[in-house]
J.: 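Take this structure first; my questions come after.
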Amino acid sequence: MSNDDPYLIVGGGPVGLTAALEMARRGLPLHIVDDDFAPSPESRALAVHAPTLEMLEASGVTDRMLSAGHKVRNVVVHETGRVILSLPLSDIPHRYNFILSLPQSQTEQILTDALAAAGVQLAYGTRLDSYECNPGGATATLHNQGKSHRFTARAIIGADGSRSVVRKQAGIGFDGESEPQEFGLADISLDNWPWPFDTAVVQLLDDGIAGFIPMGEGFGRLVSNRENALDVALHGAKIGKVGWTSTFHVSYRQVETYQRDCIYLAGDAAHIHSPAGGMGMNLGMADAATLARLLAEGSEAQYTILRHAAGQAVLKQTRENTRGMTSRGPVANFMIRHVAPLALSIGPVRRKALRGLAGLDLPATWR
Ligand SMILES: Cc1cc2nc3c(=O)[nH]c(=O)nc-3n(C[C@H](O)[C@H](O)[C@H](O)COP(=O)(O)OP(=O)(O)OC[C@H]3O[C@@H](n4cnc5c(N)ncnc54)[C@H](O)[C@@H]3O)c2cc1C
């Protein structure tokens with residue numbers, strides 16, 4: 001093992017790919033593997049926020065994301081068609097004053113292409129089975145095409161998702177809680193939708209909420225705290241094609257340390273939370289870009305301090321927002337129907353809320 005050994009990145013999701021791209025850009029040697037045989041075809045994370053677009057400018061990826069994605073410029077909250085709240089995203093205090101809606105499958109493809117252009121190929125069909133930390137590095141056992149082989153690395157970056165093998169083998173706990181309620185989602189096309197397709201629409205229901213996030217003219221993602229997202233009144237609109245559908249439980253979990261011995265954790269391997277506000281992928285990509293900067297500068301000891309605080313803030317924000325939107329009862333109803341619209345009609349309050357929504361309150365530790 002020597003200092004010339006590459007870093008081993010485990011996981012070729014958006015977080016592992018961002019780590020690889022940001023490290024390659026800084027001349028750090030790396031090898032990136034993924035257990036799957038191709039990028040995920042699922043649309044999963046849609047929202048790309050302003051700080052992520054700014055962060056990826058240096059690798060030339062932002063322009064490609066902007067051309068492939070769809071700009072969401074408004075958020076409307078309504079109840080049986082009566083608008084309770086309308087939030088123009090042009091008030092986001094940033095040059096990217098919108099939310100870019102881009103299916104995760106396309107984000108991953110753009111990152112993979114950029115990585116290949118930088119001379120790095122993601123090794124698909126390669127699984128990390130185990131590893132040992134040694135003085136000065138790590139020895140990993142990788143499994144590929146029915147065979148195991150040993151790989152020596154300077155360190156291992158676990159971007160291997162919420163069930164992270166890297167985290168589990170390091171003995172790092174993933175404490176938190178899971179909500180009992182099940183959410184449903186469906187990617188659909190819509191005819192006669194009464195709202196413009198540059199608007200994310202939140203509908204208050206007796207028993208919770210339903211949201212529609214457009215992905216383009218005439219199609220988008222329906223999500224609800226009903227198990228079957230399609231079981232929501234759409235005010236005369238007709239569902240056309242139904243694409244990816246899924247259900248999920250919301251959990252709030254975070255590791256206490258993002259680094260131990262020869263490993264670092266980033267993305268869902270380190271934190272999971274409600275998808276409200278679409279922060280998960282953005283937070284993980286910022287972990288990855290921060291780690292790349294710190295490794296290049298030799299200041300990686302700061303990694304946990306910088307990223308744990310950001311993760312903690314997002315868990316708190318998404319928990320409050322999710323409970324606020326799905327709770328019902330006289331107080332919650334009054335807050336959402338009267339207090340929130342009144343508060344958000346005040347310019348500075350609205351701009352502060354939009355800063356939070358866009359993730360601009362989080363420190364840009366990747367800079
Ligand atoms: C329904 C849904 C909707 C969501 N919506 C949003 C949204 O709008 N905005 C947002 O920001 N986030 C959203 N998220 C969250 C977002 O999808 C995740 O935060 C994001 O995928 C995390 O990326 P990651 O790279 O950390 O992990 P993953 O995307 O899970 O990638 C981990 C990769 O590691 C690989 N892997 C795992 N174990 C191994 C191993 N042992 N060896 C080799 N490879 C391995 C896997 O094959 C996988 O490719 C959503 C999630 C879901 C489920």
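When reading the values below, keep in mind they use all heavy atoms of this one structure, side chains included, and skip hydrogens, waters and symmetry mates. Bear in mind the structure is a predicted one, so any value in this text is a computation, not a measurement. Counting starts at 1 for both ligands and their atoms, following the listed order. Note that the numbering runs from 1 along the sequence shown for the chain.
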J.: Is a side-chain N or O of Ser162 found less than 3.5 angstrom from the main chain of Asp268, in a donor-acceptor match?
T.: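 A pair under 3.5 Å: no.
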J.: Parallel, tilted or perpendicular, judged at 30° and 60°: which one describes the rings of Phe98 and Tyr96?
T.: perpendicular
J.: Could you check whether any side-chain heavy atom of Val77 comes within less than 4.5 Å of a side-chain heavy atom of Leu204, counting everything from C-beta outward?
T.: yes
J.: Is the distance from the ring center of Tyr258 to that of Tyr303 below 6.0 Å?
T.: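 Centroid distance Tyr258-Tyr303: below 6.0 Å, so yes.
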J.: Nearest to atom 10 (C) of ligand 1 by heavy atom, Arg127, Glu42, Met281: which?
T.: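 It is Met281 whose heavy atom sits nearest to atom 10 (C) of ligand 1.
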J.: Does only the side chain of Thr126 get under 4.0 Å from ligand 1, or the backbone, or both, or neither? Count heavy atoms.
T.: backbone
J.: Does any N or O atom in Glu108 lie less than 3.5 angstrom from one in ligand 1, N or O only?
T.: no
J.: Could you check atom 41 (N) of ligand 1 against the protein and tell me its nearest heavy-atom contact, residue, atom and distance included?
T.: Leu128 O, 3.1 Å
J.: Check the surroundings of atom CZ in Arg163: do more than 12 heavy atoms from other residues, nucleotides or ligands lie under 6.0 Å from it?
T.: no
J.: Does one side chain, of Gln254 or His273, offer a donor that lies under 3.5 Å from an acceptor on the other?
T.: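 No, no side-chain donor-acceptor pair sits under 3.5 Å.
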J.: What residue and heavy atom of the protein are closest to atom 19 (O) of ligand 1, and at what distance?
T.: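 The answer is Asp268 OD1, 2.8 Å.
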J.: Side-chain donor-acceptor pairs under 3.5 Å in residues 183-202, sequence neighbours left out?
T.:
from, atom 1, to, atom 2, distance (Å)
Asp187, OD1, Arg221, NE, 2.8
Asp187, OD2, Ser43, OG, 2.5
Ser189, OG, Lys241, N, 2.8

J.: So is there a nitrogen or oxygen of Gly267 less than 3.5 Å from a nitrogen or oxygen in ligand 1?
T.: no
J.: Give the contacting part of Val165 toward ligand 1: side chain, backbone, both or neither, where contact means a heavy-atom distance below 4.0 Å.
T.: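 Contact part for Val165 vs ligand 1: side chain (C-beta onward).
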J.: Output every pair passing disulfide (SG to SG under 2.5 Å) with a member in residues 12-125, not counting sequence neighbours, ordered by first then second residue.
T.: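 Output for this query is empty, none listed.
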J.: Polar contacts were defined as any N/O atom of the residue lying under 3.5 Å from an N/O atom of the ligand; does this apply to Phe248 and ligand 1?
T.: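 So ligand 1 has no N or O lying under 3.5 Å from an N or O of Phe248.
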J.: Do ligand 1 and Val10 have nitrogen or oxygen atoms that lie under 3.5 Å from each other?
T.: no
J.: By number and element, which atoms of ligand 1 are closer than 4.0 Å to a non-hydrogen atom of Val15?
T.: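 Result: 23 (O), 24 (P), 25 (O), 26 (O).
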J.: When you measure from atom 14 (N) of ligand 1 to every protein heavy atom, which one gives the shortest distance, and what is it?
T.: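 Atom 14 (N) of ligand 1 sits closest to the protein heavy atom Ala45 CB, 3.8 Å.
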J.: What protein heavy atom is closest to atom 53 (C) of ligand 1, reported as residue, atom name and distance in Å?
T.: Arg44 CD, 4.0 Å
J.: Could you pull out, from Gly13, Pro275, Gly16, Gly161, the option with a heavy atom nearest to atom 30 (O) of ligand 1?
T.: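 Of the listed residues, Gly161 has the closest heavy atom.
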J.: Select one of side chain, backbone, both or neither to describe which atoms of Arg163 lie under 4.0 Å from any atom of ligand 1, heavy atoms only.
T.: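 Contact part for Arg163 vs ligand 1: neither.
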J.: Side chain to side chain contact (heavy atoms under 4.5 Å, CB included), that's the test. Do Arg26 and Glu22 meet it? Break it down for me.
T.: CA-CA 7 Å; Arg26 292 177 164 88; Glu22 288 294 292; 3.2 Å; yes
J.: Do NZ/NE/NH1/NH2 and the carboxylate oxygens of Arg323 and Glu179 come within less than 4.0 Å?
T.: yes
J.: Distance to 0.1 Å, residue and atom name: give those for the protein heavy atom nearest to atom 23 (O) of ligand 1.
T.: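 In this structure, atom 23 (O) of ligand 1 has Pro14 CG, 3.5 Å as its nearest protein heavy atom.
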J.: Residue-level breakdown please: for Ala159 versus ligand 1, do any non-hydrogen atoms fall below 4.0 Å on the side chain, on the backbone, on both, or on neither?
T.: backbone
J.: Below 3.5 Å, N or O to N or O, backbone or side chain included: is there any such pair between Gly280 and ligand 1?
T.: yes
J.: Is Asp34 touching ligand 1 with its side chain, its backbone, both, or neither, if touching means heavy atoms under 4.0 Å apart?
T.: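 Near ligand 1, Asp34 shows its backbone as well as its side chain.
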J.: Examine distances only and state if a side-chain atom of Thr141 and a backbone atom of Asp129 form a donor-acceptor pair shorter than 3.5 Å.
T.: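 Not confirmed, Thr141 side chain does not pair with Asp129 backbone.
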J.: Considering only protein heavy atoms, which is closest to atom 39 (C) of ligand 1, and at what distance to one decimal place?
T.: Asp160 CB, 3.9 Å
